[in-house]
Amino acid sequence: MRGPAAGPPHIIGGTSLGCLAGAVALPSEGPGWQAVRVSRNRHWGHPALVTFLRDFTARAQRQGFPVLWIGDMAQPRGGPLPWGHASHQTGLDADIWLELSPKPGVPAAAREDISVPSLVLPDESGVDRARWRPQHAALIRLAAESPGIDRVLVNHAIKRELCRTHAGAPWLRWVRPWRGHDSHMHIRLRCPPDQPDCRGLPPPPPGDGCDASLAWWLSPEARRPAPRPPGPAPRLPEACAAVLEAG
């Protein structure tokens with residue numbers, strides 16, 4: 001769908017199986033941000049997400065960070081993306097690239113085919129010391145300490161580096177390890193309180209997450225996951241049919 005479903009914001013389901021009515025678009029650029037790959041039409045979200053991104057990039061700019069590149073958010077009506085993500089379905093997720101070089105006046109067309117180097121070694125045993133900077137940790141911390149944040153997903157090697165330098169910090173609880181995410185962070189907001197049909201995840205376990213659960217990511221089980229058995233395709237909540245079929 002090229003545009004949103006009309007009406008007030010309404011999140012149905014969860015980030016990996018849901019939809020969104022009343023979505024709003026993040027402008028392609030503004031104070032402190034530039035949206036990348038706008039042609040994908042994936043810069044839509046619940047108004048709370050757009051407000052969050054505007055506020056976050058403004059706070060980052062005040063702290064001396066350069067303009068930030070904003071990657072995929074959601075489609076105009078949420079729902080499963082044809083490729084690239086299993087989540088990003090309810091307008092509460094956004095990718096923020098960990099690219100901290102100056103970006104003066106990069107036109108939208110030039111942002112369609114960006115190449116951001118990985119911050120992680122090829123074997124994912126740690127961060128690439130030639131690229132990793134303390135400013136990367138500071139930006140992730142800024143996101144993790146933001147109001148309304150549910151999780152900040154980063155590569156497990158980045159999480160290990162944060163544990164090495166900031167072990168015990170309360171904000172590390174919200175920074176969770178995942179595959180990929182070696183050149184961007186994935187921020188996810190909690191379900192807004194006025195969205196009873198939004199299905200959030202349980203909060204992360206207490207603690208900084210610098211424990212055996214993090215070490216697991218370097219285990220053979222994690223590096224070579226068993227293939228999932230075939231089964232029926234997951235079904236969206238029934239209420240999403242009206243959102244996806246609305247004129």
Side-chain angles (χ1 to χ4, degrees), residues 1 4-5 7-26 35-37 40-56 70-98 140 143-156 158-159 173-182 184-205 209 213 217 225 228 231-244:
M1 309 299 296
H10 185 194
I11 296 173
I12 302 169
T15 183
S16 295
L17 202 63
C19 60
L20 171 67
V24 295
L26 180 76
V36 301
R37 299 166 181 161
R40 292 181 176 183
N41 200 28
R42 294 180 175 185
H43 286 96
W44 297 83
H46 185 278
L49 178 63
V50 173
T51 298
F52 175 93
L53 292 172
R54 287 178 175 271
D55 175 71
F56 177 76
I70 307 299
D72 285 348
M73 294 165 57
Q75 298 181 109
R77 304 187 188 193
L81 282 79
W83 48 268
H85 306 280
S87 58
H88 288 254
Q89 295 194 31
T90 55
L92 296 176
D93 299 82
D95 291 339
I96 301 176
W97 292 91
L98 297 170
I140 294 169
E145 291 184 330
S146 296
I149 203 73
D150 179 71
R151 281 164 172 77
V152 179
L153 304 180
V154 297
N155 187 274
H156 51 90
I158 292 176
K159 171 74 176 188
R173 179 186 181 189
W174 312 107
V175 181
R176 311 307 299 179
W178 200 246
R179 294 182 174 87
H181 299 81
D182 58 339
H184 72 275
M185 61 178 171
H186 173 161
I187 63 100
R188 177 175 297 153
L189 302 186
R190 293 192 293 270
C191 288
D194 63 346
Q195 296 293 314
D197 295 323
C198 179
R199 299 290 175 258
L201 297 173
S213 66
W217 286 94
R228 293 182 179 181
R235 296 175 62 88
L236 285 170
E238 290 185 6
C240 284
V243 174
L244 301 177

Can you name the side-chain contact (heavy atoms from CB on, under 4.5 Å) partners of [X], sequence neighbours left out?
X: Asn41; answer: Arg2, Trp44, Pro76
X: Pro80; answer: Gln89, Leu236
X: Ala143; answer: Phe56, Val152, Met185, Ile187

Keeping [X] on the side-chain end and [Y] on the backbone end, is there a donor-acceptor pair under 3.5 Å?
X: Arg190; Y: Gly200; answer: no
X: Lys159; Y: Val175; answer: yes
X: Arg173; Y: Pro205; answer: yes

Practice prompt. Could you tell me how the ring of His186 sits relative to the ring of His181: parallel (under 30°), tilted (30 to 60°) or perpendicular (over 60°)?
Written response: parallel
Worksheet item: Quick one: side chain to side chain donor-acceptor pair (under 3.5 Å) partners of Arg176, sequence neighbours excluded?
Response: none
Worksheet item: For His10, what residues pass the side chain to side chain donor-acceptor pair (under 3.5 Å) criterion, not counting sequence neighbours?
Response: Asp197
Rounded to the nearest 0.5 Å, what separation is found between the [atom1] atom of [X] and the [atom2] atom of [Y]?
X: Thr90; Y: Gln195; atom1: OG1; atom2: CD; answer: 9.5 Å
X: Leu153; Y: Ser87; atom1: CG; atom2: OG; answer: 7.5 Å
X: Asn155; Y: His184; atom1: CG; atom2: NE2; answer: 10.0 Å
X: Ser213; Y: His156; atom1: OG; atom2: NE2; answer: 12.5 Å

Worksheet item: Would you call Leu98 and Ile140 a side-chain contact if the rule is heavy atoms closer than 4.5 Å?
Response: yes
Worksheet entry | Any side-chain heavy-atom pair of Glu145 and Trp174 under 4.5 Å | no
Item to complete: Please determine which of His88, Arg188, Arg151 meets the side-chain hydrogen bond (donor to acceptor under 3.5 Å, both in side chains) test together with Asp93.
Response: Arg188
Response to the item:
Per side-chain contact (heavy atoms from CB on, under 4.5 Å), Leu92 is matched among Thr15, Ile11, Leu20, Asp150 by Ile11
What's the shortest heavy-atom distance between [X] and [Y], and which atoms?
X: Ala48; Y: Leu189; value: O-CD1, 3.8 Å
X: Phe52; Y: Ser146; value: CE1-CB, 3.4 Å
X: Pro237; Y: Ile12; value: CB-CG2, 3.8 Å

Fill in: side-chain hydrogen bond (donor to acceptor under 3.5 Å, both in side chains) pairs, two or more places apart, involving residues 71-83
Arg40-Asp72, Arg42-Asp72, Asp72-His85
Item to complete: Decide side-chain contact (heavy atoms from CB on, under 4.5 Å) for Asp95 and Ile70; before the verdict, give the C-alpha distance in whole Å, the side-chain angles of both, and the deciding distance to 0.1 Å.
Response: CA-CA 6 Å; Asp95 291 339; Ile70 307 299; over 6 Å; no
